Amino acid sequence: MAIKKNNFEEQLNELQEIVNKLESGNVPLEDALSEFQAGVKLSRELEKKLNDAEQTVAKLVDKDGNEKALDPKNASAPEEE
């Protein structure tokens, strides 16, 4: 299965299709291995996209326009001065 550079939702749907095929058990061994490898690659790409999005969301801009990273252990917004 060829992996295309799609948006997150399309890649997630493609991964779900692979999982469904493999769970059905009706896939020849060589095809199952190929599908599994494609699924692992998609999973890693999706994880990277999620991590990148999390990093973007975890930033906030202070009054001076400077970006500040949020503390992942304390996700509440800092109080305004």
Side-chain angles (χ1 to χ4, degrees):
M1 170 169 267
I3 297 177
K4 300 170 268 182
K5 294 287 183 187
N6 297 326
N7 69 33
F8 183 86
E9 290 78 14
E10 289 172 344
Q11 285 184 307
L12 187 59
N13 287 334
E14 190 174 347
L15 179 59
Q16 187 59 53
E17 288 175 16
I18 291 170
V19 170
N20 291 340
K21 281 185 203 175
L22 294 175
E23 285 181 343
S24 76
N26 297 327
V27 182
L29 181 59
E30 283 102 15
D31 293 343
L33 288 173
S34 177
E35 292 287 336
F36 179 78
Q37 289 173 336
V40 169
K41 185 173 181 181
L42 270 172
S43 176
R44 289 180 180 153
E45 289 176 8
L46 290 168
E47 183 177 25
K48 182 181 181 324
K49 286 182 180 184
L50 281 175
N51 288 335
D52 291 346
E54 184 178 59
Q55 292 299 315
T56 300
V57 170
K59 293 178 183 175
L60 73 120
V61 179
D62 66 14
K63 292 178 185 176
D64 297 326
N66 298 319
E67 283 188 0
K68 292 188 178 182
L70 290 176
D71 180 358
K73 295 176 185 165
N74 180 10
S76 62
E79 294 188 20
E80 293 188 30
E81 298 171 6

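We use all heavy atoms of the structure for the numbers below, so side chains are in, but hydrogens, waters and symmetry mates are not. Predicted model only: the values in this text are computed from it and were never measured.
Taking CD of E23 as the start and CD1 of I18 as the end, the distance is 12.0 Å to the nearest 0.5 Å. Here the CG-CD distance, from L42 to E47, works out to 13.0 Å after rounding to the nearest 0.5 Å. For the atom pair L12 CG and S43 OG, the distance stands at 10.0 Å (nearest 0.5 Å). Here the straight-line distance linking atom CG of L46 with atom CD of E9 works out to 9.5 Å at 0.5 Å rounding.
Side-chain contact between K48 and D52 is present, with at least one heavy-atom pair separated by less than 4.5 Å. Side-chain atoms of E14 and E10, non-hydrogen and from C-beta on, never get closer than 4.5 Å to each other.
The only option from V19, D31, L22, V27 that meets the side chain to side chain contact (heavy atoms under 4.5 Å, CB included) definition with F36 turns out to be L22.
Side-chain contact of Q16 with N20: a donor-acceptor pair under 3.5 Å is present, judged by distance alone.
Residues K49 and N7 come closest through the heavy atom pair NZ-C, 4.0 Å. Across every non-hydrogen atom of P28 and N26, the tightest pair is CD-O, 4.0 Å.
Taking hydrophobic clusters as Ile, Leu, Val, Met, Phe, Trp and Tyr residues chained together by side-chain heavy-atom distances below 4.5 Å, L33 does not share a cluster with L15.
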